[in-house]
Amino acid sequence: MPKAKGKSRRHKYSYNLNRKRLYRSARRRAAPRIACSHIRHAWDPHKSVAQNLAEMGLAEDPNKAVPIPKKLLGMEVESDGQQPGKKLVRKPYVVNEMELEASLPEKKSNTLSRDLIDYVRYMIQNHGENYKEMARDEKNYYQDTPKQIKRKINVYKNFYPEEYKNFIASLKPEKMEVQ
């Protein structure tokens, strides 16, 4: 008996076939990933997301929490005077801790490398404000243009204004001694 016509043919990979079907049910049961530590500690895994957020006083859907007034949309609708039901907040400390954390000033983590600071100080010490002369200096290893050097000096001025003022003040007595 002859073989079936399609059996000896090479099988093509089907890109449209969903191979994740087996793992889908396990993913649904997993708890949501929560970035904020205050929310993570107050989270109750036995309740839904909406219930947990309502207990903390947080909005599940920002569009429903702060609706756009109909007047702004171009439609004028009279209100009945009824306010939507206020939800009971059982864990107000979560919102309070988040507000406290948000009110703290942000740390300035911008720093410059020691090499760049030394480079800028060397250039200012030897050439003052002459950027063309700085570009021709033998210590200009990266062959920066005068504008690039000026930009680096301005970055140094912005990051360390006190240190820059002290450095410039220390240079002035040296120049007076030379004259």
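Predicted, not measured: the structure shown is a model, and the values here were computed from it. Each residue takes its place number in the sequence, starting with 1.
- In this structure, Arg90 places its CZ atom where only 12 or fewer heavy-atom neighbours from other residues, nucleotides or ligands lie under 6.0 Å away.
- With contacts defined as side-chain heavy-atom distances shorter than 4.5 Å, the pair Leu116/Val120 qualifies.
- Summarising the geometry, atom CE belonging to Met134 is positioned 11.5 Å from atom CG belonging to Asp144; distances are rounded to the nearest 0.5 Å.
- You'll find the side chain of Arg121 reaches within 4.5 Å of the side chain of Glu163, heavy atoms only.
- Using bins of under 30°, 30° to 60° and over 60° for the plane-to-plane angle, the ring pair Tyr156/Tyr160 lands in the tilted bin.
- With values rounded to the nearest 0.5 angstrom, Glu60 atom CD is found 11.0 Å from Leu58 atom CG.
- With Glu99 contributing its side chain and Asn96 its backbone, the two residues share no donor-acceptor pair below 3.5 Å.
- One finds the CD1 atom of Ile39 at 11.0 Å from the NZ atom of Lys91 (value rounded to the nearest 0.5 Å).
- Distance CG/Asp44 to CD/Gln51: 9.0 Å, rounded to 0.5 Å.
- For Trp43 against Met56, the heavy-atom pair with the smallest separation is CE3-CE, 3.8 Å.
- Although no hydrogens or angles enter the test, the distance criterion places no donor-acceptor pair under 3.5 Å between the side chain of Asn140 and the main chain of Arg136.
- Annotation: Lys152, atom NZ; neighbour count of heavy atoms from other residues, nucleotides and ligands within 6.0 Å is above 12.
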message = Between Phe167 and Gln125, is the side chain to side chain contact (heavy atoms under 4.5 Å, CB included) condition met? List the steps.
response = CA-CA 9 Å; Phe167 177 65; Gln125 192 171 10; 4.1 Å; yes
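- Cation-pi geometry between Lys147 and Tyr131 is not satisfied (NZ or CZ under 6.0 Å from the ring centre, within 45° of the ring normal).
- When side chains are defined from C-beta on, Ser37 counts as touching His41, because their heavy atoms get closer than 4.5 Å.
- Residues Ile124 and Ile168 have side chains in contact (heavy-atom distance under 4.5 Å, counting atoms from C-beta outward).
- Using modelled atom types, no side-chain atom of Glu133 and backbone atom of Asn130 make a donor-acceptor pair closer than 3.5 Å.
- Once rounded to the nearest 0.5 Å, the distance linking OG1 of Thr145 with NZ of Lys132 reads 12.0 Å.
- Put simply, the side chain of Asn126 reaches to within 4.5 Å of the side chain of Tyr122, judged on heavy atoms.
- In this structure the side chain of His127 reaches within 4.5 angstrom of the side chain of Asp137, judged on heavy atoms.
- We find the CE-OG distance between Met98 and Ser103 to be 12.5 Å, quoted to the nearest 0.5 Å.
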